[in-house]
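Report on the structure given below.
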Amino acid sequence: MSEEKSLNFLEEIVEEDIATGKNRGRVLTRFPPEPNGYLHIGHAKSICLNFGLALKYGGKTNLRFDDTNPSKEETEYVDSIKADVKWLGFDWANELYASDYFDQLYEFAVTLIKKGLAYVDDSTAEEIAAQKGTPTEPGTPNQYRSRSVEENLGLFADMKAGKYPDGAKVLRAKVDLAAPNMHLRDPLMYRIKHTHHHRTGDKWCIYPMYDFAHGQSDAIEEITHSICTLEFIPHRDLYNWFIEQLEIFPSKQYEFARLNLNYTVMSKRKLLQLVEEKYVEDWDDPRMPTISGLRRRGYTPASIRDFCDRIGVAKRENMIDVSLLEFCIREDLNKTAWRRMAVLDPIKMIITNYPEGQTETMFSENNPEVEGGEGGRELPFSNELWIEREDFMEEPPKKFFRLGVGLMARLKSAYIVKCDSFVKDADGNVTEIYCTHIPESKSGNDTSGIHVKGTIHWISVPHAKTAEVRLYDRLFQVENPSNEDGDFKEYLNPNSLQIIPKAYIEADLADAISGKGYQFIRKGYFTLDKHSTAEKLVFNRTVTLKDGWVKKG
RNA sequence: UGCCUGAUAGUAUAAUGGUAGUACGACGGUUUUUGGUACCGUUUGUCUAGGUUCGAAUCCUGGUCGGGCAACCA
């Protein structure tokens, strides 16, 4: 659209590569999740980046599961990840698995052993850690480092054959025990794990480490731009070292700053904890920052893509305000959501000059943002209406444009009413308010000449249907729960879910379409929950409307 | 007290030696049968100290502050 829009640093790199003829202009990226949890909004940023870059420059993107640690990975996660990427609107060129390359990776390891660049080490994890030294002191070699090629070959074959228990031996790269970059101090390539793998079953009992799988997988697929997050910067030297020694396709790694969103947590470990310890219903709880949670909450793929586009890409740590995410979904839904009325906290209004038992049909358009309103629906009107409790005040302040004794307001798509009186119960709670309507003020046919500033929503009492409505607030009460003292769960917002068991809704909403957003006029955007049934409708509030009204005493 | 990174309004992001701009937020106004939307306006910024230059957010040097790195996790 705007040819002026500046490039982010990754686009600059790609354009530079294309301009210099690198890879003959070919662009192939990959999205490489580990199937050990559900995807979250942070992954969405990576997905939009990888797929978006390829799309923009005529390339392709592989979906590759980084499944090298069988003790944490499950097929359930694979399935959810595929569903989420698809839902976001992206198509991958190939569905691949690091585990597809286990044979090839094994051969790569043998190659390095033969070159004298890898050795089998019998040390314990603790010994190896100690021998690596510290950032300021070099590591010290042990006796295993000088094993012969033949011995290493035999030992590694035995490791693969299952002759040793977990932890007995590892295969290490022989790089540089004095390297200032700790990742180069003879990093582990393979460890023994007698664990069932979700795809390769029990075929393997040795599994490659990330550093000996990721770059090699990239090279096998001939990935041109391997994009990952900042914490992998120290791995880059090792990534390049393996590629160089193995003389395989030189994929290049580039790093960007991961997304941080305030008032939530973004690590899979913490999200898993919230699920397992039942602080939330499941991975797709509408309060979760997961893709599936956002979907159930009512976020659209377009709104998430727009969000990822707006936050930009750079290399500095960042903390994005959730208000931007909310802006994106409001912007989308405002254009697409059909308007409906729903009263969440009801109080009864009786129109004293409207005939009891009479019903009149009003009309209201579906979407005022669209030319023609996208059609509309009929609204039954009667002398008894449910209105929102907060739309009446016993002692209304100045500039209160709703109801109070003596005040007038319009009933959306119906008449202007004037409030005359109200009654309270023994506890002092207002129970009913009495109004008179202005017959000449009927919507679309108003000859009353009366102008009111406020318009309120309503539901005819005898025609009302009911639904359970769930209102969500931020999951945590502090901006960055992970940065606070103590357990992050201490900072959960106890009021993140408010259930309204019985809200009054338009009858029409009984036919609400799953996955579609509705605007409950003046209350926000809502969508059907996955547990909603014909007998018991359940709506989730996606987001409130922006509230420009500042209450003052 | 090692190595690697980074630092531009409240939050993000642009300006690639030549007018510090955009978005979100906040605030104010106009329109409105949603206190929504739309439209208009206001506000706030180059971490610091030097240097190079006609000219520095940008280049150089020192400092300060943030993040990462010593998992048989990815």
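On a predicted model such as this, the values are computed, not experimentally measured, just so you know.
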Determine the Euclidean distance between corresponding [atom1] atoms of [M] and [N]; express it in Å to zero decimal places.
N: C39(B); M: U22(B); atom1: P; result: 15 Å
N: C4(B); M: A70(B); atom1: C1'; result: 13 Å
N: G67(B); M: C24(B); atom1: C1'; result: 24 Å
N: G63(B); M: G55(B); atom1: P; result: 26 Å
N: U43(B); M: G21(B); atom1: C1'; result: 16 Å
N: G10(B); M: C60(B); atom1: C1'; result: 33 Å
N: A20(B); M: A12(B); atom1: P; result: 24 Å

May I ask you to verify if any side-chain N or O of [X] is less than 4.0 angstrom from the OP1 or OP2 atom of [N]?
X: Arg339(A); N: U37(B); answer: no
X: Lys193(A); N: C73(B); answer: yes
X: Thr68(A); N: A74(B); answer: yes

Sub-3.5 Å donor-acceptor pair from the side chain of [X] to the main-chain atoms of [Y], do we have one?
X: Arg185(A); Y: Ala179(A); value: yes
X: Asn240(A); Y: Ile243(A); value: no
X: Arg339(A); Y: Ile521(A); value: no

Out of [options], whichever nucleotide has its closest atom nearest the side chain of [X]:
X: Met319(A); options: A74(B), A12(B), A14(B); value: A12(B)
X: Leu188(A); options: C72(B), C69(B), U34(B); value: C72(B)
X: Asp321(A); options: U11(B), A12(B), U33(B); value: U11(B)
X: Ser323(A); options: G35(B), C24(B), A12(B); value: C24(B)
X: Phe232(A); options: C72(B), G36(B), A74(B); value: A74(B)
X: Arg191(A); options: C73(B), U13(B), G36(B); value: C73(B)
X: Ala314(A); options: A70(B), U13(B), G36(B); value: U13(B)
X: Met209(A); options: C73(B), U34(B), G2(B); value: C73(B)
X: Lys546(A); options: A12(B), C73(B), G36(B); value: G36(B)
X: Met182(A); options: G68(B), U13(B), C69(B); value: C69(B)

With respect to Lys523(A), which candidate in Leu545(A), Leu471(A), Leu344(A), Val343(A) satisfies the side-chain contact (heavy atoms from CB on, under 4.5 Å) definition? Leu344(A)
Pick base, sugar-phosphate or nothing for [X], based on heavy-atom distances below 4.0 Å to the nucleic acid.
X: Gly167(A); value: base
X: Ser71(A); value: nothing
X: Val313(A); value: sugar-phosphate
X: Phe327(A); value: sugar-phosphate
X: Phe400(A); value: base
X: Gly139(A); value: nothing
X: Pro32(A); value: nothing
X: Leu545(A); value: base

Run the numbers on Arg258(A) and Asn318(A) for side chain to side chain donor-acceptor pair (under 3.5 Å), then give the verdict. CA-CA 8 Å; Arg258(A) 64 168 357 127; Asn318(A) 60 79; over 6 Å; no
Are Phe476(A) and Tyr263(A) close enough that their ring centres sit under 6.0 Å apart? no
With a 3.5 Å cut-off and heavy atoms only, can you find an N or O donor on one side and an acceptor on the other between the side chain of [X] and the base of [N]?
X: Glu369(A); N: G36(B); result: yes
X: Gln519(A); N: U34(B); result: yes
X: His183(A); N: A71(B); result: no
X: Arg522(A); N: U34(B); result: no
X: Ser443(A); N: U33(B); result: yes
X: Arg402(A); N: G35(B); result: yes
X: Arg316(A); N: U5(B); result: no

Once you round it to whole Å, what is the distance between [atom2] of [N] and [atom1] of [X]?
X: Leu230(A); N: C4(B); atom1: CG; atom2: C1'; answer: 10 Å
X: Asp211(A); N: A71(B); atom1: CG; atom2: C1'; answer: 11 Å
X: Phe9(A); N: A15(B); atom1: CZ; atom2: P; answer: 13 Å
X: Tyr518(A); N: U34(B); atom1: OH; atom2: C1'; answer: 19 Å
X: Leu325(A); N: U11(B); atom1: CG; atom2: C1'; answer: 13 Å
X: Tyr210(A); N: A74(B); atom1: OH; atom2: P; answer: 10 Å
X: Lys453(A); N: U31(B); atom1: NZ; atom2: C1'; answer: 11 Å
X: His457(A); N: G36(B); atom1: NE2; atom2: C1'; answer: 13 Å

Should Ser364(A) and Ser413(A) be marked as a side chain to side chain donor-acceptor pair (under 3.5 Å) after you check the CA-CA gap, both sets of side-chain angles, and the distance that decides it? CA-CA 6 Å; Ser364(A) 198; Ser413(A) 299; 2.8 Å; yes
Counting Watson-Crick and G-U wobble pairs only, both distances under 3.5 Å, name the nucleotide matched with [N], or none.
N: A26(B); answer: U42(B)
N: G50(B); answer: C60(B)
N: U1(B); answer: none
N: U34(B); answer: none

For the residue pair His183(A) and His235(A), categorise the inter-ring angle as parallel (less than 30°), tilted (30 to 60°) or perpendicular (more than 60°). tilted
Which class fits the ring pair Phe108(A) and Phe212(A): parallel under 30°, tilted 30 to 60°, perpendicular over 60°?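 Judged by the thresholds at 30° and 60°, the geometry between Phe108(A) and Phe212(A) is perpendicular.
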Charged N-O contact under 4.0 Å between Asp186(A) and Arg145(A):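 Judged by the 4.0 Å cut-off on N to carboxylate O distance, Asp186(A) and Arg145(A) do form a salt bridge.
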Pick the nucleotide of RNA chain B nearest each of Asn334(A) and Leu324(A); which residue has the one closer to the 5' end? Leu324(A)
If you pin Pro180(A) and Asp66(A) to their nearest nucleotides in RNA chain B, which one's is more 5'? Pro180(A)
